[in-house]
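Here the structure is a predicted model, which is why all the values come from computation and not from measurement. Counting convention: from 1, in listed order, for ligands and their atoms alike.
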Amino acid sequence: MSGLPRRLVLGIGGGIAAYKACELVRRLKERDVDVRVVMTAGAEHFLGAATLQALSGQPVRTSLWDASAEAAMSHIELARWADAILVAPASANVLARLAHGFADDLLTTLSLAASDRPLWLAPAMNRLMWAHPATQANVELLRARGAHVLGPASGEQACGEVGEGRMLEPEAIIAALSIFEAPQMLAGRRVLVSAGPTHEDLDPVRFLGNRSSGRMGFALAEAAAGMGAEVTLVAGPVALATPAGVDRIDVRSARQMHAAMLEHAPGMDVVIGAAAVADYRPEQRQTRKIKKQDDRFTVTLVRNPDILLDLAALSPRPYLAGFAAETEALEDNAQLKLQAKGLDLIAANLVGEGLGIETQDNAFSVFWRGGSTVLPRAPKTDLAVSLLRIVAGQLAAKGGRGT
Ligand code: CTP
């Protein structure tokens, strides 16, 4: 089962990333998805309709007023026909027009008419255009209305700059789309996820933290909600937007995260510890700002509680999944943590420069009692779906809740 929508309208916005749409159509066709392409006027500057017509095997639509295409299927019929709409690339302009309900070309009109269908957006633009508060506000609005936003990824851009704004690669988009049919996989399940770093305060202005971005945990929460679960996300201090349909609880320190997780875990079917919890905290938090004095300054750290370990003691115990970020001996360390923390599954990855932490991509070796698999390098959104498919499969095999 591919999990992909059977009938997909692919909207192509203007931007250099439009060239990737050709590959996207080809790969969707390989997976037996029936694709109907709609191009904006901007997209036509970058791509020829004939290419997409040949790849999709269907007429390509460019205008609301295209007489021949209208005769084949009106925008209303096309909206009814589609199982889902994917816009890739979604330019800043397309995002703005979708956010504000414009209906001045075929793609925007169609998107309004298909508002009962899932909408997937793969933004692509210059990093400053992406970071602009106007674009971010538009994306937030679309997300809040239930649109699934895929990426963008970071890296070198066509304009020569480096930053966030690259469209996800076609395979990554397809992987994310594959939760389309997955809703049933976690329907009726309650899932609790922790995400991000924790900050351990030294005084009113300083803390000990780590470089966790929170992206993996947020991707898991988003994917779990997309797969039909009721999701609670306990987030450390990160600036990420709350995924649609997810209940979020913000915490700061490991002890606050511990308390929130233990409070919400009872009644959950699945608990996933994706947070990078600080193992130690300063023994004392000074109420006043620490002033510089001697050349040496010693801070005594004390152990924080282990959240997953304490969750494993619950009865009934939810299905427990954790992560192991290691710089060496990946499998040995992961197997040790699986046993020591009493987990059902552990996803292990190597961390270091450009790997695992602060990145969009990752790769995992996944271990459970009696089995393992490798999830090759992919965006965290894609890995989240793959991991949850494993979890859902194991839950179904186990039957029922808790142990
Ligand atoms: N974890 C936790 N509570 C802690 C520390 C970690 O629940 N106090 C969870 C993390 O959310 C993660 C898993 O345990 O799912 C492993 O985290 P990691 O930092 O790799 O392992 P540690 O147990 O901290 O072991 P070490 O730092 O010695 O490798």
Contacts under 3.5 angstrom, residues 226-242 side chains, donor-acceptor by atom type, not counting sequence neighbours:
residue: E230; atom: OE2; partner: R190; partner atom: NE; Å: 3.4
residue: T242; atom: OG1; partner: R248; partner atom: NH1; Å: 3.0

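Nearest heavy atoms, V271 versus A265: CG2-CB, 4.3 Å. Taking both residues in full, the closest heavy atoms of L168 and P152 are given as CD2-C, 4.3 Å, listed atom of the first, atom of the second, then distance.
The protein non-hydrogen atom at the shortest distance from atom 15 (O) of ligand 1 is G273 O, 2.6 Å. Nearest to atom 3 (N) of ligand 1 among the protein's heavy atoms is I307 N, 3.0 Å. What sits closest to atom 16 (C) of ligand 1 on the protein, heavy atoms only, is F323 O, 2.7 Å. Of all protein heavy atoms, the one lying nearest to atom 7 (O) of ligand 1 is L308 N, 2.9 Å.
The part of K337 lying near ligand 1 is the side chain, judged by heavy-atom distances below 4.0 Å. Using a 4.0 Å cut-off between heavy atoms, D279 contacts ligand 1 through its side chain alone, with no backbone atom that close. Under 4.0 Å from ligand 1, not a single heavy atom of A254 appears.
Applying the salt bridge (Lys or Arg N to Asp or Glu O under 4.0 Å) definition to pairs two or more places apart or across chains, those involving residues 114-128 are R127-E161.
Here R27 does not pair with E30 in a salt bridge; the nearest charged N to carboxylate O distance is not below 4.0 Å. Taking 4.0 Å as the cut-off between side-chain N and carboxylate O, R31 and E171 count as a salt-bridged pair. Between D201 and R285 there is a salt bridge, since at least one side-chain N of the basic residue sits less than 4.0 Å from a carboxylate O of the acidic one.
Nearest to atom 10 (C) of ligand 1 by heavy atom, out of A275, G322, A324, is A275.
For atom 28 (O) of ligand 1, no protein non-hydrogen atom is found at a distance below 4.0 Å. The protein does not reach atom 19 (O) of ligand 1 closely, with no heavy atom under 4.0 angstrom from it.
Both cation-pi conditions hold for R252 and F207: the charged atom is under 6.0 angstrom from the six-membered ring centre and inside a 45 degree cone around its axis.
Between P305 and ligand 1 there is a heavy-atom distance shorter than 4.0 Å. Taking 4.0 Å as the cut-off, A325 counts as a neighbour of ligand 1 on heavy-atom distance.
Applying the 4.0 Å criterion to heavy atoms of K341 picks out, from ligand 1, the atoms 1 (N), 6 (C), 9 (C), 13 (C), 14 (O), 16 (C), 22 (P), 23 (O).
The closest side-chain heavy-atom distance from D247 to H264 is not below 4.5 Å.
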